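Working notes, structure below.
By convention in this document, chain letters (A, B, ...) are assigned in the order of the sequence lines, proteins followed by strands, and residues within each chain are numbered from 1. Side-chain atoms are counted along with the backbone in the values below, which use heavy atoms only and exclude waters and symmetry mates. Owing to the predicted nature of the structure, the values given are computational and were not obtained by experimental measurement.
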Amino acid sequence: MKIATWNVNSLRARADRVEAWLEANDVDVLAIQETKCKDENFPWELFERLDYEVAHFGFSQWNGVAIASRVGLDDVQRTFAGQPAFGKGGKDPVQEARAIGATCGGVRVWSLYVPNGRGLQDEHMPYKLEWLDVLRQDVEGWLAQDPEAQFALTGDWNIAPRDEDVWDMQYFLENNLTHVSAPERQAFQDFLDAGLTDPMRQRHPGPGPGVYTYWDYTQLRFPKKEGMRIDFQLLSPALASRVVDANVDREERKGKGASDHAPVVVELS
DNA sequence: ATGGTCGCGAGGCGA
């Protein structure tokens, strides 16, 4: 069984790429982030053509997550238990379209688009950290209830857990950038401490451009190999024991019309 | 290469 996760940065703009990628890559489950559309604009036919079932959670041009599967798609859940809402400037807080879960081939798969903290002092930063804290508490509950549970938290985590996961740590420090701060990294580490495994880290420890999953569109970041490792599949212990391979498909970042993220693919026995 | 990003949606915001 093969599970992939991919922040496509608009599914409509990337429809041809996504279809071609699915046809070429033989994945059983694809978790998608940043569909950037509502249900009424979702390209349902794309997945029908390829015989994937698909579930989507998106209600505006922002965010949006989906799971496509050809090994079943059961018990679809939009938002995780207790998922924090966000509302600034006195607006009604809303649970954003950043999490969808489904059971596919016996594995509980989550497609997650972790909030971008935007700035170290921005109000989105505490939102991001709380969002991750509640999710991790949910995970601890799942494992307490069933230590053998098979689940995968996949998606765009918007965190580079180690210095080597960005091309130049000095650049981030000098510019007071997010994704590398101590609280963000601790929030990520808390998932590992809860028992989850990052199979990419195990098989491709890095450092180096081969492990990056994201390259900014600006500044010629991709040709200059200036990327970040911010997309992950974190696996429960029972699922981690089934890992056969894990890779980033950086070829998919090449050429005109690419997303700024590359797919992360994990193969299981 | 004296420029240098996308997408959404129709101006400016978000990443």
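- A sub-4.0 Å separation between OP1 or OP2 of B:dC6 and a side-chain N or O of A:R14 is absent.
- When the C1' atom is compared between B:dG9 and B:dG4, the two are found 24 Å apart, to the nearest whole Å.
- Within the 4.0 angstrom heavy-atom criterion, no nucleotide atom of any strand lies near A:Q219.
- Distance A:E226 CD to B:dT5 P: 15 Å, rounded to the nearest Å.
- Relative orientation of the A:Y212 and A:W215 rings is perpendicular, given thresholds of 30° and 60° on the angle between their planes.
- When the P atom of B:dG14 is taken as reference, atom OH of A:Y217 falls 18 Å away, rounded to whole Å.
- At a threshold of 4.0 angstrom between heavy atoms, the contacts of A:F222 with the nucleic acid are absent.
- Residue-level contact check: A:R12 touches the backbone only, with heavy atoms under 4.0 Å from sugar-phosphate atoms and none from bases.
- No cation-pi contact links A:R108 to A:F80, judged by a cut-off of 6.0 Å to the six-membered ring centre and 45° from its axis.
- A sub-4.0 Å separation between OP1 or OP2 of B:dC6 and a side-chain N or O of A:S10 is absent.
- At whole-Å resolution of the value, NZ in A:K128 and P in B:dG14 are 16 Å apart.
- Rounded to the nearest Å, the gap between the C1' atom of B:dT2 and that of B:dC6 is 23 Å.
- Going from atom CG of A:N7 over to atom P of B:dG14 covers 17 Å, rounded to whole Å.
- Atom-to-atom, NZ of A:K38 to P of B:dG9 comes out at 8 Å; the value is rounded to the nearest Å.
- Summarising the geometry, the separation between NZ on A:K256 and P on B:dC6 is reported as 6 Å, rounded to the nearest angstrom.
- Atom pair A:F42:CZ and B:dC8:C1' shows a separation of 17 Å (rounding to whole Å applied).
- Using cut-offs of 30° and 60° for the angle between ring planes, the A:W142 and A:F151 rings count as perpendicular.
- Using a 4.0 Å cut-off, no side-chain N or O of A:R221 falls inside it from OP1 or OP2 of B:dT5.
- Positionally, the nearest nucleotide of DNA chain B for A:N41 lies more toward the 5' end than for the other of A:H124 and A:N41.
- Comparing the C1' positions of B:dG11 and B:dG7 gives an interatomic distance of 14 Å, to the nearest angstrom.
- Among the atoms of the strands shown, base atoms are found under 4.0 Å from some heavy atom of A:T218.
- Closest heavy-atom contact between A:F232 and A:R201: CE2-NH2, 4.5 Å.
- Annotation for A:E23: atom CD counts as buried by contact number, over 12 foreign heavy atoms lying within 6.0 Å.
- If you check B:dA15, B:dC6, B:dG14 against the side chain of A:W62, the one that comes closest is B:dG14.
- Distance, A:M125 CE to B:dA15 C1': 14 Å, rounded to whole Å.
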